[in-house]
2 protein chains.
Amino acid sequence: MSTMTAAQQREQAKVAYDAFVAGCPSRQLLDRISDKWVALVLAALADEGTMRFSQLGRRLAGVSQKMLTQTLRSLERDGLVVRSVTPTVPVTVDYTLTPLGESLDELMRGLKAWAEAHMDVVQAARDEYDAR
Amino acid sequence: MSTMTAAQQREQAKVAYDAFVAGCPSRQLLDRISDKWVALVLAALADEGTMRFSQLGRRLAGVSQKMLTQTLRSLERDGLVVRSVTPTVPVTVDYTLTPLGESLDELMRGLKAWAEAHMDVVQAARDEYDAR
DNA sequence: CGGGGTAACTCTCCATTGGTAAGTAGGCAC
DNA sequence: GTGCCTACTTACCAATGGAGAGTTACCCCG
């Protein structure tokens with residue numbers, strides 16, 4: 001058979017994708033920032049400079065402690081924040097953006113600005129869609 | 001009691017958050033684009049102009065049909081893409097970006113550019129973190 | 001010396017989400 | 001009729017994320 005069914009084409013594309021995605025940097029970053037809490041941590045740290053764990057927990061109040069530690073760890077691993085432990089009475093942990101983290105945050109602010117500028121249009125589109 | 005325990009502070013912050021988040025447009029948008037597939041659909045449509053359902057399925061090959069329909073529906077609802085059905089033999093469905101969708105895509109390209117420029121630094125940070 | 005309080009986690013359980021695979025509708029080709 | 005096409009929809013199942021309690025390590029008060 002010289003022609004392929006749609007199912008076969010999908011199958012083939014899937015294999016190509018598996019190989020492709022492993023080494024694609026923009027895709028890796030996408031996975032990183034496609035995490036709801038990453039953007040919020042970045043924004044909070046950019047606003048306040050240095051913040052403690054509990055401060056962050058209050059600022060992005062909806063976050064669970066589990067997800068906060070998890071997010072901060074991965075950001076630290078990627079070199080976007082620095083984690084510094086001060087051995088005070090109850091231990092104090094501070095987080096700060098690195099220059100790299102700051103540069104990413106600038107792009108994020110662009111998204112925030114877009115949201116504020118266009119959210120009313122989006123809302124109108126939603127209302128219209130739901131009405132029909 | 002005039003002072004609050006940390007637990008009580010967290011509880012209070014949580015209530016404030018619930019009220020805050022419901023009406024915050026930038027947060028709503030964040031939830032929208034914090035979906036892995038949204039960015040990819042946007043990028044694909046911006047590249048190719050109009051695409052059919054199966055074309056998109058092949059382009060972002062890792063996507064399941066379920067998630068593709070789901071993503072496209074929500075983008076349509078938000079006025080970022082248009083869906084047009086042509087009643088040909090097997091029905092043909094085309095998707096195109098609206099001007100609104102295009103404007104969001106421009107920001108996304110900024111992120112892509114950041115990724116390509118900085119992914120090597122991130123990778124180096126990861127390696128170092130994993131090594132110690 | 002023991003009980004209580006604190007910060008930053010860590011663990012356990014459960015609900016929601018996303019992936020896989022199979023099924024559906026309507027029409028044409030055989 | 002049987003089978004195949006596109007664009008879904010549905011059923012099931014594994015993984016992810018949230019809620020909340022538990023843990024560690026320390027100090028202070030009585």
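Every chain is numbered from 1, with letters handed out A, B, ... down the list of sequences.
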Atom-pair distance ([atom1] on [X]; [atom2] on [N]), nearest Å:
| X | N | atom1 | atom2 | result |
| --- | --- | --- | --- | --- |
| A:Leu72 | C:dT10 | CG | P | 12 Å |
| B:Gln70 | C:dT20 | CD | P | 14 Å |
| A:Glu76 | C:dA8 | CD | C1' | 14 Å |
| A:Leu40 | D:dG18 | CG | P | 11 Å |
| B:Leu68 | D:dC8 | CG | P | 8 Å |
| B:Met67 | C:dA21 | CE | P | 17 Å |
| B:Gln65 | C:dA22 | CD | P | 13 Å |
| B:Leu56 | D:dA7 | CG | P | 10 Å |

Atom pair CG/CG of A:Asp105 and A:Leu45 - distance to nearest 0.5 Å: 9.0 Å

Taking for A:Asp35 and for A:Thr88 the nucleotide of DNA chain D with the nearest heavy atom, the one nearer the 5' end belongs to A:Asp35

Using heavy-atom distances to pick each residue's nearest nucleotide on DNA chain D, tell me which of B:Thr69 and A:Pro90 is more 5'. B:Thr69

Just do the salt bridge (Lys or Arg N to Asp or Glu O under 4.0 Å) check on B:Arg109 and B:Asp47 with the steps written out, would you? CA-CA 11 Å; B:Arg109 288 178 186 277; B:Asp47 275 4; 3.2 Å; yes

Is the distance from OP1 or OP2 of [N] to the nearest side-chain N or O of [X] less than 4.0 Å?
| X | N | answer |
| --- | --- | --- |
| A:Arg52 | C:dA7 | no |
| A:Ser54 | C:dA8 | yes |
| B:Trp37 | C:dG19 | yes |
| B:Arg83 | D:dA7 | no |

At 4.0 Å (heavy atoms only), tell me whether B:Thr92 reaches a base, stays on the sugar-phosphate, or touches nothing.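 Result for B:Thr92 = sugar-phosphate.
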
Checking C:dA7, D:dG18, C:dC9 against the side chain of A:Phe53 (C-beta onward), the nearest is C:dC9

Side chain of B:Lys66 only, please: which of D:dC8, D:dC12, D:dG18 is the nearest? D:dC12

Do A:Leu68 and A:Leu56 come within less than 4.5 Å of each other through their side chains, counting heavy atoms only?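 Yes, their side chains come closer than 4.5 Å.
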
State, with a plain yes or no, whether a side-chain heavy atom of B:Glu102 is found less than 4.5 Å away from one of B:Thr98.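 Side-chain contact under 4.5 Å: no.
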
Answer yes when B:Arg77 and A:Asp130 have at least one side-chain N-carboxylate O distance shorter than 4.0 Å, and no when they do not. yes

5′-ward residue of the pair A:Arg73/A:Val91 relative to DNA chain C: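 This one resolves to A:Val91.
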
